[in-house]
Structure formats: structure tokens, C-alpha cells
Amino acid sequence: MELSEQEQIRRQSLQALREMGIEPYPAAEYVVTGFSTGIKENFVDPELDAEGNALPPKNREEGKWYTGDEISIAGRLMSRRIMGKASFAEIQDSKGRIQVYISRDDITTEAQPEMYNTVFKKLLDIGDFIGIRGFVFRTKMGEISIHAKELTVLSKSLRPLPIVKYKDGVAYDGFNDPEQRYRQRYVDLVVNDGVRDTFLKRATILRTMRQVFDEAGYTEVETPILQQIAGGASARPFITHHNTLDVDMYLRIATELYLKRLIVGGFEGVYEIGRNFRNEGMDRNHNPEFTCMELYVCYKDYNWMMSFTEKLLERICLAVNGTTEVKIGDNIVSFKAPYRRLPILEAIKEKTGYDLSTMSEDEMREVAKKCGVEVDKTMGKGKLIDEIFGETCEGTFIQPTFITDYPVEMSPLTKMHRSKAGLTERFELMVNGKELANAYSELNDPIDQYNRFVEQMKLADKGDDEAMIIDHDFMRALEYGMPPTSGIGIGIDRLAMLMTGQPAIQEVLLFPTMKPEAND
């Protein structure tokens, strides 16, 4: 591997440190007693005497930092201004950045006489990890800082960081190429402001979601990722091979059928937050592996689930943003409950003027063509309605809207509507023009379920490669009896996009799927 001039210099500095008896990658624990943002947020300015000298605090408050308090902090060296016998540097830790004042006379010792002149000024580089022990103070310029009394080398960086420079509010030399950012997320997190905050908000989404479910008494579980039947959704699976069993297996496309087995087994409510895998397209809204939450609660229906979902999303939005509103592009989206509820056929009629409720498959096919939908012989009524809705309606629902009462052909795992023939008790939640959640009053009639699977197999015979196949073990479970149940799936990645106002799914995935990197 050919090294750049900067990389060669850093390796020379690495060797020089070792020759001085300084291990650039020490094994011993480095004790950290404070973090950058906490120090700055909780610093208390001292009272001054008549000569302007700081007086000791009369009453020390827990969690506050005062002038002279000893501190040990660690992080990356992100900048430095060398000024003879004293310098200023900036340290970036896991919370943010803080200024450090470093004086030659303070950090030079008999054991390490060259710590300032050689190590700090010549052998350290931007991106190196260092530890600073010292005390907190405010500079004459008003910046809360750390006065270093000891400097420790913690890790030598062998590649230079692409440091962003700002002038008049404009960023120069930025690490901005999307493909490079997603591929080298570790660099993106270091140098680009706001990236870490997006993923901290994602963590808040998951933490809040778990709190809501746990408070309700529901149990978090784990179900198999490797499955012998790809069930629970209409999607193309990834196929792998199990060598010991000598059988092909699928990476799961959904957790639904295993979670329902647990309802059969006696759980009141179960949920799983985990990875699903679908061997389909990649774009700004789709990644082949994605995180989904599925929840199933017995003795509930889809009406109850709509109300529960409204409260869940309202609470998540408050936890993440401190308000129930989020700015997404040019739109202000409100997650304040309640949300509009609109049957899918009424939505299509409202947006297009076509009433599909009494149309035959051939008539729907003609409407689809008029709406600019590409049709083929594999499409039944359900697929045609789905495509017409997606083309003409889905993108128009900016505020959270429950689209309800889907035709049975579109919903093979859903209970028939209690009062509307040919429809099911299902809803999809649309937000900012995209589907966020899918939920049912779950089908628990095993005979009806079997017949639905048979109809799906007919679609598969017609060439629909997303049609479900019969899961005989799931059928066996249903025959033991499943209580009335409502279930929902929420795409966590898409929820994170909404809650953080990000335009692409890659912005909320730490390591999105990428094409193989070209070798130079």
C-alpha cells in the first residue's frame, strides 16, 4: 500500500514516540471524570474579591463545575494554536468539544522533559486521542476551558482527518460526498456536525418506544432470523444455505408469524424490534436490511391500535424534539393525536374521482392505465388497488393519516371487516407521503387463513414473486386457537427519518448497504 506524505510523517511520529519511551497505544485504563458539554453547561462563575480574584464557592452544588475543580477528560485533538511557551487546543469527546490551555511549564516533568516542545508541538497530530488532567476555568475571552496539568497520549491516528474549515458561515474542504460519508461513517461522525445527534435521536426513539410498551405490560422477545419459510409479508427474500441441515433457508422478511405463535402460547402482548431483510430495490426510502418493530396484543382490534399508535408517536416526538411538530423539508408535520381515518377506496375516489368499489378486475385495469400505472397479467384486484393508491394518493398525505379497510386480496393475514363485505380490518399510517405503519385486526380463523394462503399460492402461480406461501406450522398453531388480536409493524428507519427531518434512509442508518467499493 502506497502511503501519502501525511501518512508517512505520522508513522515517523509514531516511531519517535516509542523511542522516547511513550507508548502510543497504552493498555492501562484512563479514568475520565467529566465530559465537554457537561462541563460547559454546568460551570458556575466565581464571585470576585475587590482585586478581581476568584473567591471559593460558598455553597457547592452537586453536578456543578467551579473554577479550580480538578478534571480528567479524554478525546480527539481537533485543533491547536501554538504560541511559544503556551498553546490552546480543542478536544472532541463523545459529547462535544472543549478548549484546553496547555503551558510548557505545567506539563513538562523530569520523567518527560520534552512533553511540550517535542510531543505536543511536533509529534501529535489532529485526530490523535489524548487525555488531559487539569482544572476548569474561564479565559479572559470568556470561554470555559481546561487548564492542563498533565497530558497523556492515548492513541496515535495514522490517517489525517478531512477537517472542515469555515469562513463567513460557509464550509470548505468538507467531507460531503454522500457515498463517501455512508461508506466511512466513522469519519462522518467525527468531522460533520449534527450526524451524531441524528443517531442519538434514533436511540431516543427506540428507548421511548420500549418504555411505552414496557409500561403497558408487554414483553420484548426475539424470534428467528433464519427461517425455513419466508412469511409474514409480501416480499422477495434473501436465500442462504444451512450446511449442517443441508437445506436452503431465508433471512426473515417479517417477524409476524412467530410473534403470533407466542400469542397462541399465552402471552398478552409481545413485541420485537429487530432486523428484517428484503431482496428488493435500494433508494432514498428503502434499504435491503431494515429495522422494524412489530407488536401484537390480544383481545384488541385495529380501532384500538389506531388510538394506541397515535399516543405512541406523539410521545416519541415529544421525547425526541420537545414538541409534537417536526419540520420535514418544506412541511411541518404534527404528530399530535388524533389523526384522520380514511378508507382506501374513499381515498382513491377522493383523489382520482374513480369509485373502484364496484369495478371488475378488467375495469380496474383500465383505470390503472389511465392513472399511469404499468399493469401486467399477474396483477389481481388487490395489486391493482395497491398500485393505483401508490401512484395517485400515497404521496399526498403529509399529515399523519390512517388509510383503512383494505380489500381482502391485499391482506391475506387480516380479519374480514365486521360490516363491509370484501374488505378487511387493516390500516396503513401515511406520513409525509410515505407509509410508516401497517396494522390489522389479526385473522385468527384457521380455515379462513388456510383459504387465504391458497389464494396467495394462485397468485404465485400467475408469476407474483411476492405472494406468500403456506406456513403449515403457523396453521397448526392457529388451529390450537389464537384469541382476538391486533398487531402492528412500524418501520424504525422511516420513523427516524420523520422524527429527525432527514430526506434519505441512508442518513439514519449508521452503515447502509453499499455497492462494493472500487479498488484503485
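All heavy atoms count here, side chains included; hydrogens, waters and symmetry mates do not.
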Decide, yes or no, whether a salt bridge links [X] with [Y] under the criterion of side-chain N to carboxylate O below 4.0 Å.
X: Glu455; Y: Lys458; answer: yes
X: Glu442; Y: Lys260; answer: yes
X: Arg181; Y: Glu507; answer: yes
X: Lys420; Y: Asp405; answer: yes
X: Glu272; Y: Arg252; answer: yes
X: Asp473; Y: Arg476; answer: yes
X: Arg315; Y: Glu215; answer: yes
X: Glu366; Y: Lys370; answer: no
X: Arg275; Y: Glu289; answer: yes

Assess [X] against [Y]: is NZ or CZ under 6.0 Å from the centre of the six-membered ring, and within 45 degrees of the ring's axis?
X: Lys351; Y: Phe397; value: yes
X: Arg261; Y: Tyr258; value: yes
X: Arg426; Y: Tyr406; value: yes

For [X] and [Y], indicate whether the former's side chain and the latter's backbone hold a donor-acceptor pair under 3.5 Å.
X: Thr396; Y: Cys393; value: yes
X: Glu361; Y: Leu384; value: no
X: Glu363; Y: Ser360; value: yes
X: Lys415; Y: Pro484; value: no
X: Gln449; Y: Pro412; value: yes
X: Asp128; Y: Lys156; value: no
X: Asn287; Y: Thr513; value: yes
X: Thr352; Y: Tyr354; value: yes
X: Asn192; Y: Val195; value: no
X: Asn321; Y: Met499; value: yes

Tell me, yes or no, whether the heavy-atom count around [X] atom [atom1], taken from other residues, nucleotides or ligands under 6.0 Å, exceeds 12.
X: Phe453; atom1: CZ; value: yes
X: Leu226; atom1: CG; value: yes
X: Phe511; atom1: CZ; value: yes
X: Tyr25; atom1: OH; value: yes
X: Gln211; atom1: CD; value: yes
X: Lys327; atom1: NZ; value: yes
X: Lys336; atom1: NZ; value: no
X: Arg284; atom1: CZ; value: no

Out of curiosity, [X] [atom1] to [Y] [atom2], how far, rounded to the nearest 0.5 Å?
X: Lys434; Y: Ile398; atom1: NZ; atom2: CD1; result: 10.5 Å
X: Ser441; Y: Asn303; atom1: OG; atom2: CG; result: 6.5 Å
X: Phe238; Y: Leu251; atom1: CZ; atom2: CG; result: 7.0 Å
X: Arg97; Y: Lys40; atom1: CZ; atom2: NZ; result: 9.5 Å
X: Met293; Y: Thr291; atom1: CE; atom2: OG1; result: 12.0 Å
X: Leu206; Y: Ile273; atom1: CG; atom2: CD1; result: 5.5 Å

Quiz item: Which is it for Arg202 and Leu509 under the side chain to side chain contact (heavy atoms under 4.5 Å, CB included) test, yes or no, and what are the steps along the way?
Solution: CA-CA 9 Å; Arg202 181 185 173 114; Leu509 296 172; 4.0 Å; yes
Self-check item: Beyond-backbone contact of Asp188 with Tyr182, side-chain heavy atoms, under 4.5 angstrom
Solution: no
Quiz item: So which of Ile505, Thr500, Leu498 actually passes side-chain contact (heavy atoms from CB on, under 4.5 Å) with Gln502?
Solution: Thr500
Quiz item: Of Asp493, Ile253, Asn276, which is the lone residue that meets side-chain contact (heavy atoms from CB on, under 4.5 Å) with Cys292?
Solution: Asn276
Quiz item: Is it the case that Asp246 and His241 place a side-chain donor and acceptor less than 3.5 Å from each other?
Solution: yes
Quiz item: Looking only at heavy atoms, which two atoms of Ser36 and Ile73 are closest? And how far apart?
Solution: N-CD1, 3.9 Å
Quiz item: Between Ser411 and Pro407, what is the shortest heavy-atom contact and its length?
Solution: OG-O, 3.5 Å
Practice problem: Show your reasoning for whether side chain to side chain contact (heavy atoms under 4.5 Å, CB included) applies to Phe427 and Arg341. | Solution: CA-CA 9 Å; Phe427 72 77; Arg341 304 180 183 192; over 6 Å; no
Practice problem: Could you please spell out the steps behind the side chain to side chain contact (heavy atoms under 4.5 Å, CB included) verdict for Met514 and Glu179? | Solution: CA-CA 8 Å; Met514 305 288 292; Glu179 181 173 340; 3.4 Å; yes
Quiz item: Could you go step by step and tell me if Met410 and Ile344 meet the side chain to side chain contact (heavy atoms under 4.5 Å, CB included) rule?
Solution: CA-CA 11 Å; Met410 300 175 65; Ile344 187 170; 4.3 Å; yes
Quiz item: In terms of ring plane angle, is the pair Phe308 and Trp304 parallel, tilted or perpendicular, where the classes change at 30° and 60°?
Solution: parallel
Practice problem: I would like to know whether Tyr339 and Phe402 meet ring pair (Phe, Tyr, Trp, His ring centres under 6.0 Å); could you show each step before the answer? | Solution: CA-CA 7 Å; Tyr339 307 156; Phe402 292 115; 5.7 Å; yes
